[in-house]
Amino acid sequence: MTRMWPPGGETRRPSTPRAPREPIDPARIGRRVVRRRAQGMDAGAVAAALEDARFDARQRSRHEDLADDVRGPAELAEWERIDQLLAVALPGTVYDPDTDGVVQAELAADAAAAAAQEAELREAARVAARADELQALRELGTLQQTEPRTGDEAVRDELARRAGWYVQADVDDWLAHALAGRRGHYRDPGARKEAASLLPPPVLAHAALLAELARLVPGADIDQLAFVGRLATAEPEAAGELAALLTRAHPEGR
């Protein structure tokens, strides 16, 4: 059953978006420890450290309680990799993480992941702030006079999330009327096309039928077309088919 969220009611304010804590990765920690120890070592020193790591691995293998240990094997594998790296390097070469392609690739991936996470947090904060703004406009009764902006489809989802995922008829009506009337960012054909993948079928059907009826009945006001929203919510597929039929019946003016 579709649940309707009462316009102007209380919403649950979201907590401030926070960066998720990076999970502890023992294997990653082990590799970093090895690289710090290996920095400045030549091939002979690394070979000796590798033998020590192999000895430690043999010792750990005798203890059942260490069977699930991942740090030890990761450290051993990293010593082996660095040993092979120096084996093909010029004589006298010492290990330097700054010239290690594997290390630099990991650092670049970490930086890219951090940048992506920061962008997600900024977007979440923007959506939350815009949701607060739209909620204030709803309470003032001026939402329908407000022009939508790029990203308001995500704000619709945020408002629904705050309300326990109840369908909010006033917000859906607002977006449908804006899409049908090509207001706000929907003036851009690209935004209207993108809306097809961002808005649910009832809102899209509502907008399509509104656009056709507004063309066929110039001057019809919102109150006269209120039934369109009810039809689109109850039977979005039928509403969409009706809009398509009206377009085929009266293609002029498109």
### Task
Apply side chain to side chain contact (heavy atoms under 4.5 Å, CB included) to the pair Val171 and Leu134, showing each step before the final yes or no.
CA-CA 9 Å; Val171 176; Leu134 293 186; 5.8 Å; no
### Message
For Asp132 and Arg162: C-alpha separation, side-chain torsions, deciding distance, then whether side chain to side chain contact (heavy atoms under 4.5 Å, CB included) applies.
### Response
CA-CA 11 Å; Asp132 289 342; Arg162 294 182 185 185; 2.8 Å; yes
### Task
Step by step, work out the side chain to side chain contact (heavy atoms under 4.5 Å, CB included) result for Arg138 and Leu159.
CA-CA 11 Å; Arg138 297 169 79 182; Leu159 287 169; 4.2 Å; yes
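Side-chain atoms of His177 come within 3.5 Å of backbone N or O of Asp173 as a donor-acceptor pair. For the pair Asp172 (side chain) and Ala169 (backbone), a donor-acceptor distance under 3.5 Å is absent. A donor-acceptor contact shorter than 3.5 Å is absent between the side chain of Arg31 and the backbone of Glu75. When atom types are taken as modelled, the side chain of Trp174 and the backbone of Thr146 share a donor-acceptor pair closer than 3.5 angstrom.
Listed by first and then second residue, the salt bridge (Lys or Arg N to Asp or Glu O under 4.0 Å) pairs involving residues 44-59 are Glu51-Arg54, Arg54-Glu80 (not counting sequence neighbours).
In Glu106, the CD atom is crowded: over 12 heavy atoms of neighbouring residues, nucleotides or ligands sit closer than 6.0 Å.
Under the 4.0 Å criterion applied to side-chain N and carboxylate O atoms, Glu158 and Arg126 are not assigned as salt-bridge partners. At a threshold of 4.0 Å, the pair Arg32-Asp25 does not count as salt-bridged, since none of the basic side-chain nitrogens sits closer than that to a carboxylate oxygen. Ion pairing of Arg156 with Glu153 is absent here, as no side-chain N (NZ or NE/NH1/NH2) approaches a carboxylate O to less than 4.0 Å.
Looking at Val33 and Arg36, their side chains come closer than 4.5 Å, going by heavy atoms from C-beta outward. Taking 4.5 Å as the limit, some side-chain heavy atom of Leu204 sits within range of a side-chain heavy atom of Leu179. A 4.5 Å side-chain heavy-atom check between Arg130 and Glu133 finds at least one atom pair inside the cut-off. Residues Leu85 and Asp100 are in side-chain contact: their nearest non-hydrogen atoms beyond the backbone lie under 4.5 Å apart.
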Which donor-acceptor pairs under 3.5 Å do side chains of residues 37-48 form with protein atoms, sequence neighbours excluded?
unit_1	atom_1	unit_2	atom_2	d
Asp42	OD1	Gly44	N	3.2
Asp42	OD1	Ala45	N	2.9

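The same ILVMFWY cluster, assembled from side-chain heavy atoms under 4.5 Å apart, contains both Trp79 and Val103. Taking hydrophobic clusters as Ile, Leu, Val, Met, Phe, Trp and Tyr residues chained together by side-chain heavy-atom distances below 4.5 Å, Leu198 does not share a cluster with Val167. Leu107 and Tyr95 fall within the same hydrophobic cluster, defined by Ile, Leu, Val, Met, Phe, Trp and Tyr side-chain heavy atoms under 4.5 Å apart, directly or through other members.
How far CG of Leu137 is from CG of Leu143: 6.5 Å, rounded to the nearest 0.5 Å. Once rounded to the nearest 0.5 Å, the distance linking CZ of Arg183 with CG of Leu175 reads 9.5 Å.
Residues satisfying the salt bridge (charged side-chain N to carboxylate O under 4.0 Å, His left out) test with Glu78, not counting sequence neighbours, are Arg35, Arg81.
Shortest non-hydrogen contact noted between Ala207 and Ala176 is CB-O, 3.5 Å. The heavy-atom pair separating Ile24 from Ile29 by the smallest distance is CG2-CD1, 4.0 Å. Scanning both residues, Val127 and Ala154, for their nearest heavy atoms gives CG1-O, 4.0 Å. Contact detail for Pro97 and Gln104: the closest heavy-atom pair is O-NE2, 2.9 Å.
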